[in-house]
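Okay, so here's the structure we're looking at.
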Amino acid sequence: MEKHFIDKKAEDFSVRPNIMEYAQEYASFKWEDVSAHFEGLPSGGLNIAHEAIDRHANGLLAEKTALVWLGENGERRTYTFLEMKKQTAKFANVLQTLGVEKGERVFTLSTRLPELYIAALGILKNRSVLCPLFSQFGPEPILQRLVRGDAKVLLTTKILFEKKVRSLLDQLKDLRYVLLIDAEEDESDQIRSLPRLMENVSEYFDILPTDPEDMSVLHFTSGTTGMPKGVVHVHKAIYTHWMSGRYVLDLHEDDIYWCTADPGWVTGTSYGIITPWLHGVTNIVDEAEFDAARWYSILQNERVSVWYTAPTAIRRLMRLDTNPRDEYDLSALRLVQSVGEPLNPEAVIWGMEKLKLPIHDNWWQTETGGIMIANLLSQQIRPGSMGRPLPGIDAGVVMHHDDGSVSEITEANKEGELALRPGWPSMFRAYLHNDEKYANSFVGGWYLSGDLAYKDEDGYFWFVGRADDIIKTSGHMVGPFEVESTLMEHPAVAEAGVIGKPDPLIGQLVKAFVSLKSGYEPSEDLRRELIGFGRKRLGVAVAPKELEFQQSLPKTRSGKIMRRLLKAREMGLPEGDTSTLED
Amino acid sequence: MTQEQIKAAIIEQILFIAPDIEEANIIPDKNIQRSLEIDSFDFLKILTALNEVTGVEVPESDYSKVDTLEHMCEYFMKRVKD
């Protein structure tokens with residue numbers, strides 16, 4: 001087994017890694033020491049936007065490129081830290097003009113345009129709360145999140161607005177403004193042109209005092225039994241972002257960094273916006289969707305040195321039977337990290353053979369706000385393992401007892417639930433409007449992640465699966481309940497059960513099983529109608545890719561659909577305990 | 001296959017994978033994935049199905065050459081046998 005481990009040697013590194021001795025760093029690390037790397041807000045407190053942009057713009061990095069934006073059609077735009085300071089100040093002033101207050105939620109629904117990145121930081125400057133939505137959500141997930149998050153403002157594009165939002169407006173009474181990135185004129189008092197608003201405001205903005213515990217970012221994460229939950233983060237989370245940027249992404253000032261994640265998901269904000277700029281590093285943003293040749297060209301032409309990507313993309317690159325190193329100059333690239341779902345060992349090996357670089361897997365989730373467990377540049381990689389806990393992070397594997405309590409499993413290689421000791425700075429502070437759910441996430445002094453894992457004798461963690469029914473597709477979570485609820489709205493559907501079907505490329509795909517109301521018969525036309533219905537309502541990121549009719553779905557005696565059984569049957573696995581199955 | 005047959009086959013596969021799309025919304029020179037909200041997984045499925053119909057395999061490295069309906073037609077036209 002050990003021969004498959006990837007060992008690192010000092011001569012492997014073109015730049016000395018920020019962490020060389022894991023055990024020593026882990027033992028000596030203190031969160032309070034991180035504060036020395038921040039300036040603090042002149043008016044008092046700690047604000048993400050000040051630490052990520054303004055302090056660099058006020059100092060030696062003012063003229064350094066902060067953002068390189070690559071447009072879908074070959075356009076290339078750059079922004080210095082100073083330009084970012086001014087643009088984000090203007091956006092904050094726009095919010096001021098509109099009377100948007102501290103703590104109020106400003107949602108974004110946009111493809112990866114520069115305005116999205118400017119707005120994200122402008123929102124934080126105004127001490128409002130950034131709530132990113134994924135642009136491939138359909139109207140239903142958008143509505144659920146806007147309502148649950150008490151949206152006051154939505155920033156979007158004309159096309160997304162027409163397609164997905166306009167028809168929802170009468171259900172969004174509290175939504176005061178829609179700001180359209182690409183509209184030349186205001187449509188009404190409510191639907192405004194962002195360029196017009198930006199014309200008339202100052203490029204100076206003094207950030208008011210911000211408490212490190214003030215709400216900063218609200219992300220939504222899928223539930224297994226209910227609708228998505230708003231995960232509340234605070235400005236202090238940058239302690240974790242700074243730490244993981246240093247240790248995991250190994251950021252050095254001269255790095256060119258590219259995170260391929262969309263800001264609609266937590267990786268795209270924590271590591272696609274905040275972290276590189278905290279470190280004063282040049283950040284690449286590509287507007288386009290995945291394309292193998294395009295991606296290699298970006299790595300080459302932009303001289304990317306640190307690349308944070310996802311297993312789905314890596315598996316797509318693996319489909320090319322060429323040697324990228326022969327075709328592209330990837331000499332600047334020195335570190336590849338991956339997150340979203342566990343990286344299969346074959347992908348790690350592929351990296352060694354083709355990229356001539358190991359790919360480092362790491363683990364975290366929306367609730368943790370930042371990377372918790374990782375394979376580090378200077379440390380041995382165990383392909384298939386998520387690595388070891390970062391300095392400042394206390395992780396364990398726990399077992400559940402009948403009385404509801406948990407205890408840590410100290411025995412190596414024994415499976416249980418992956419858990420963290422609360423208290424790291426980017427830990428979520430609440431599920432919005434759901435205190436009970438939040439409280440239930442913590443048991444016996446542990447935050448319970450919902451992921452099953454084991455720890456080997458050397459402290460490396462290995463992912464086993466989810467403890468619940470949440471689906472992980474293309475690196476993001478889909479809650480089966482949300483999909484089932486929408487399918488049930490179709491007049492033909494009596495019952496729906498939704499599972500994650502294993503898929504070699506995207507991890508799992510969303511598969512729906514439905515039974516029909518009397519008067520409806522299964523047919524290919526109806527199957528396609530339901531697939532289309534799902535796509536229209538839920539959007540391509542959430543809708544089922546496959547749909548199968550069943551006479552009736554397996555249920556417990558209390559009437560709950562047994563997704564576990566649907567999944568076992570789909571995969572041809574033993575059905576396990578079926579004692580609760582209705583007769 | 002004629003150009004028209006190839007075009008019809010492509011449209012058929014797009015509509016099969018994404019039944020929510022109306023044929024009139026498939027604009028020949030627009031990026032298929034972006035304009036029709038077809039994700040890369042669905043796009044792959046469309047190309048796999050077209051491989052079965054036309055016998056033409058699009059390697060991953062050529063995906064940028066089949067980004068629009070027009071380009072996809074040209075690409076298949078050049079490679080399809082008889």
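Chain A is the first sequence line, chain B the second, and so forth, proteins listed ahead of strands; every chain is numbered from 1. Computed from heavy atoms alone, side chains included, the values below leave out hydrogens, waters and symmetry copies.
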Please flag which part of [X] lies under 4.5 Å from any non-hydrogen atom of chain A: side chain, backbone, both or neither.
X: Leu44(B); result: side chain
X: Asn31(B); result: side chain
X: Phe16(B); result: both

Only pairs of heavy atoms separated by less than 4.5 Å count here; which of Asp62(B), Leu15(B), Asp39(B), Ile21(B) has the most with chain A? Asp39(B)
To the nearest 0.5 Å, tell me how far Asp503(A) CG sits from Phe41(B) CZ. 4.5 Å
[X] versus [Y], closest heavy-atom pair with distance:
X: Gln136(A); Y: Glu37(B); result: CA-OE1, 4.0 Å
X: Asp291(A); Y: Ser64(B); result: OD1-N, 3.2 Å
X: Ala292(A); Y: Glu60(B); result: CB-CG, 3.9 Å
X: Gln33(B); Y: Glu289(A); result: OE1-CB, 4.4 Å
X: Arg316(A); Y: Ser40(B); result: NH1-CB, 3.1 Å

Measure distances from [X] to the heavy atoms of chain B and classify the residue's part below 4.5 Å as side chain, backbone, both or neither.
X: Ser135(A); result: backbone
X: Glu287(A); result: both
X: Arg527(A); result: side chain
X: Lys163(A); result: side chain
X: Leu509(A); result: side chain

Salt bridge Arg535(A)-Asp42(B), side-chain N to carboxylate O under 4.0 Å: yes
I'd like to verify something: which residue of [options] has the highest number of heavy-atom pairs under 4.5 Å with chain B?
options: Gly534(A), Ala541(A), Gly532(A); answer: Gly532(A)
options: Ile506(A), Ile159(A), Leu317(A), Ile531(A); answer: Ile506(A)
options: Arg294(A), Glu529(A), Arg319(A); answer: Arg319(A)

